[in-house]
Structures are given as structure tokens and as C-alpha cells.
Amino acid sequence: MKIVLFDGMNLIHRARSGFMKGEHAIVFSFFRSLKPLVEKLQPEKAYFVLEGRPKHRAALLPEYKIQRPKGSDGFWRQANDIKEILGSLPIIQIRHPDYECDDVIANLAKHYVEDGHDVTVVSNDSDFIQLYDCLDNTRFKLYNPMKKKYVDRPSHNYLEWKSLRGDGADNIPGIKGVGDKTATKFMNDTALKELCLNKPGNREIFERNKKLIEFYWFQNLTDDLTSVGAEVQYPNVSMDKVYEAFVARKFGSMINQK
């Protein structure tokens with residue numbers, strides 16, 4: 001079975017870069033982008049994964065993601081509209097209140113891959129690259145919707161590489177003086193990496209970053225993670241309701257499509 005895991009807020013935020021005219025611009029851009037993804041990937045089962053609050057990461061680093069700007073009222077109104085319309089499409093919506101979307105996606109991917117299914121994660125978040133080191137690569141793929149291509153597995157361990165350099169997008173500082181090229185150099189030379197980590201404070205930064213960047217693994221991966229506290233909304237499929245929602249918002253170009 002083909003399983004597709006959509007990084008929900010990643011796709012919604014990406015829709016902000018599309019056509020921005022009108023009070024429903026993000027909704028329009030989102031569904032215009034979703035259609036070709038579904039057509040390309042042809043999932044037999046799809047999840048739209050939403051964000052929770054990463055309590056365990058905030059405990060490790062209070063500044064974690066603190067710099068990210070908050071969305072406007074208009075943005076959140078449209079995000080809620082998107083989720084409401086998705087409820088009439090054959091896509092399961094899921095979130096865990098205490099963990100990030102990344103953690104939920106990783107656990108769903110692990111569950112389905114180990115159960116013998118083919119899994120594709122749709123996101124331009126590079127953190128998912130570390131799944132190549134965790135899962136059977138004949139079953140798992142990562143698709144970047146911005147670049148419109150699959151992401152290749154790197155030659156080095158991605159989690160360790162990123163823990164060396166940090167992650168500015170998530171406000172995770174890396175080891176001083178270590179950028180992409182230096183981190184890659186260290187990953188290709190164990191002696192150099194150890195020399196760096198043996199400097200005062202560096203190993204502590206590296207180990208903290210690994211805990212921040214690595215996925216949280218649940219012990220029980222069955223029942224759509226509801227047994228570990230996930231909140232799941234199963235769809236009530238109705239293309240008539242989707243059509244009505246598009247008509248109400250005057251999405252003419254999509255109304256005329258199948």
C-alpha cells in the first residue's frame with residue numbers, strides 16, 4: 001500500500017508564497033498545490049499531520065523556535081478553513097498535542113515501513129532526511145514539494161552532521177565555526193570530528209543538539225498513535241461539500257476541474 005504523509009503546516013505556510021489576492025488566497029494556493037501532489041504520488045492512504053507543542057525540546061532549550069514569527073489572524077482563519085475542507089477529502093488529519101509534526105510523521109513512517117508498505121513524506125523540512133538512516137530505503141522516500149523532486153540520501157549520518165552545525169531555522173546553535181562544509185569534513189574524518197568534540201563545551205553542544213533534532217520515538221505505533229495520545233480526525237468524504245466550499249470562495253479555476 002502507498003502511504004503519503006503530508007507535513008501539514010509546512011504546506012500551509014508554503015501556500016503563502018502563491019497568489020495572494022483576496023481573503024481566501026492561502027486556501028486557494030494550498031488546494032491548487034495539493035492537487036498535483038496527490039496526482040503524482042497517488043496515495044492509497046494519506047495523512048495530513050499537524051503541529052503540537054514540543055515540550056521536551058523546550059525543556060532542553062527554552063529558545064527553541066522562539067524566533068519564529070506568529071501568523072496573523074487572517075492566516076490562522078485560512079489555516080482552519082483548509083483543515084475544515086480537508087475533512088471532506090480522503091485524508092486523515094492527525095496531531096499529538098505534546099509533540100511536533102516531525103515526530104508524528106517519523107513514527108507513522110516507521111510503523112508503515114516496518115509493516116511492509118511504501119511511504120513518502122512530503123515536506124521541504126530537511127530534518128526528515130535523517131529517516132534515511134532509520135528506515136528501509138527501498139520503502140521510504142522524501143519528496144520536496146518546493147523543488148518538485150525526491151531528496152537523495154546523503155553519504156553521511158544526517159543527524160550527527162546537523163548536530164555539529166546546528167539549525168538556525170529552529171534557533172539551535174551549532175558548534176562555533178562549524179558550517180555546512182566543515183560539518184561534512186568532520187563527518188568524513190572521524191579523527192577530526194573527535195578532535196573538535198574534545199574541545200571544551202563542544203561535545204555538550206553536540207549531544208544537546210542530537211536530542212533536539214532527533215525524532216521522539218513512541219513505544220506503541222498502532223491505532224494511528226491514539227494509544228500514545230495522538231488526536232485523529234477521520235474524514236467524512238464528500239466531494240459535494242468540497243465543491244460547495246470552492247463555490248462559496250469563488251475558486252472558479254478549480255471548480256471547473258475534476
Side-chain angles (χ1 to χ4, degrees), residues 4-43 45-54 65-97 100-102 104-105 120-128 142-151 167-171 231-258:
V4 173
L5 307 173
F6 292 107
D7 182 346
M9 292 310 298
N10 183 275
L11 292 180
I12 293 175
H13 279 291
R14 179 172 168 261
R16 300 169 80 174
S17 63
F19 182 71
M20 284 292 103
K21 185 177 180 180
E23 60 178 324
H24 306 295
I26 296 173
V27 182
F28 177 82
S29 181
F30 173 85
F31 284 102
R32 279 292 295 269
S33 300
L34 182 66
K35 184 175 183 289
L37 285 172
V38 172
E39 290 174 343
K40 178 179 178 61
L41 301 173
Q42 297 184 339
K45 192 172 189 178
Y47 290 83
F48 191 74
V49 187
L50 295 160
E51 293 287 1
R53 296 183 180 276
K65 289 189 175 181
I66 200 171
Q67 87 289 4
R68 292 198 173 183
K70 296 182 179 180
S72 65
D73 291 343
F75 169 79
W76 290 112
R77 171 184 58 78
Q78 293 187 73
N80 288 330
D81 285 350
I82 288 168
K83 289 183 280 185
E84 182 179 350
I85 297 170
L86 281 173
S88 297
L89 290 171
I91 299 175
I92 300 166
Q93 296 184 56
I94 182 171
R95 72 183 287 271
H96 195 297
E100 291 183 79
C101 161
D102 297 23
V104 175
I105 285 178
T120 299
V121 172
V122 179
S123 178
N124 60 7
D125 185 344
S126 63
D127 281 344
F128 290 115
L142 173 61
Y143 184 79
N144 186 320
M146 184 174 291
K147 296 182 178 179
K148 297 182 180 180
K149 65 178 185 179
Y150 290 99
V151 179
D167 187 348
D170 289 345
N171 210 31
E231 302 166 351
V232 183
Q233 179 184 336
Y234 295 101
N236 183 9
V237 179
S238 172
M239 295 310 297
D240 287 340
K241 285 189 176 181
V242 175
Y243 179 81
E244 290 169 4
F246 287 175
V247 169
R249 292 167 177 81
K250 300 179 180 179
F251 293 167
S253 61
M254 285 194 286
I255 293 167
N256 296 325
Q257 295 179 10
K258 291 182 179 181

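Considering only heavy atoms from C-beta on, L37 stays 4.5 Å or farther from K40 through its side chain. Counting heavy atoms from C-beta on, the side chains of Y143 and V151 never come closer than 4.5 Å. No side-chain heavy atom of R53 sits less than 4.5 Å from a side-chain heavy atom of P97. When side chains are defined from C-beta on, K83 counts as touching L50, because their heavy atoms get closer than 4.5 Å. In this structure, the side chains of N144 and V122 stay at 4.5 Å or more apart for every pair of heavy atoms. Between I85 and R249 the shortest side-chain heavy-atom distance falls below 4.5 Å. F48 has its side chain out of reach of L89: every pair of non-hydrogen atoms, C-beta onward, lies at least 4.5 Å apart.
The CG atom of L142 sits 9.0 Å away from the OG1 atom of T120 when rounded to the nearest 0.5 Å. We find the NZ-CG distance between K45 and L5 to be 10.5 Å, quoted to the nearest 0.5 Å. Put simply, CE on M239 and CD on E244 are 11.5 Å apart, with the number rounded to the nearest 0.5 Å. To the nearest 0.5 Å, atom CG of residue L86 and atom CD1 of residue I12 are 7.5 Å apart.
In this structure, R16 forms a cation-pi arrangement with F75, its terminal cationic atom sitting closer than 6.0 Å to the ring centre and no more than 45° off the ring axis.
A donor-acceptor pair under 3.5 Å links the side-chain atoms of R14 to the main chain of P145, judged by distance alone. Under the 3.5 Å distance criterion, the side-chain polar atoms of Q233 are left unmatched by any main-chain donor or acceptor of I94. The main-chain N or O of S29 is found under 3.5 Å from a side-chain atom of S33 such that the two form a donor-acceptor pair. Using a distance-only test at 3.5 Å, with no hydrogens or angles considered, a donor-acceptor pair links the side chain of R77 to the main chain of E23. In terms of modelled atom types and a separation under 3.5 Å, the side chain of E51 and the main chain of C101 share a donor-acceptor contact.
Around OH of Y243, the count of heavy atoms belonging to other residues, nucleotides or ligands within 6.0 Å does not exceed 12.
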| task | Report the C-alpha distance between V38 and F6 in whole Å, list the side-chain angles of each, state the deciding distance to 0.1 Å, and finish with yes or no for side-chain contact (heavy atoms from CB on, under 4.5 Å). | result | CA-CA 10 Å; V38 172; F6 292 107; 4.2 Å; yes
| task | Please step through side-chain contact (heavy atoms from CB on, under 4.5 Å) for the pair V232 and I92, ending with a clear verdict. | result | CA-CA 7 Å; V232 183; I92 300 166; 3.5 Å; yes
| request: With side-chain contact (heavy atoms from CB on, under 4.5 Å) as the test, would you mind laying out the steps for D170 and D127 before giving the verdict? | output: CA-CA 11 Å; D170 289 345; D127 281 344; 3.8 Å; yes
| Test side-chain contact (heavy atoms from CB on, under 4.5 Å) applied to M146 and N10, step by step | CA-CA 10 Å; M146 184 174 291; N10 183 275; over 6 Å; no
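The two residues G87 and Q93 come nearest to each other via the heavy atoms N-NE2, 3.5 Å. Heavy-atom minimum distance, H24 versus D81: ND1-OD2, 4.4 Å. For I82 against F31, the heavy-atom pair with the smallest separation is O-CZ, 3.9 Å. Shortest non-hydrogen contact noted between I26 and Q78 is N-OE1, 2.8 Å. Here the closest non-hydrogen pair linking K241 and S88 is CB-OG, 3.6 Å.
By the 30° and 60° cut-offs, the orientation of the rings of F251 relative to F246 is tilted.
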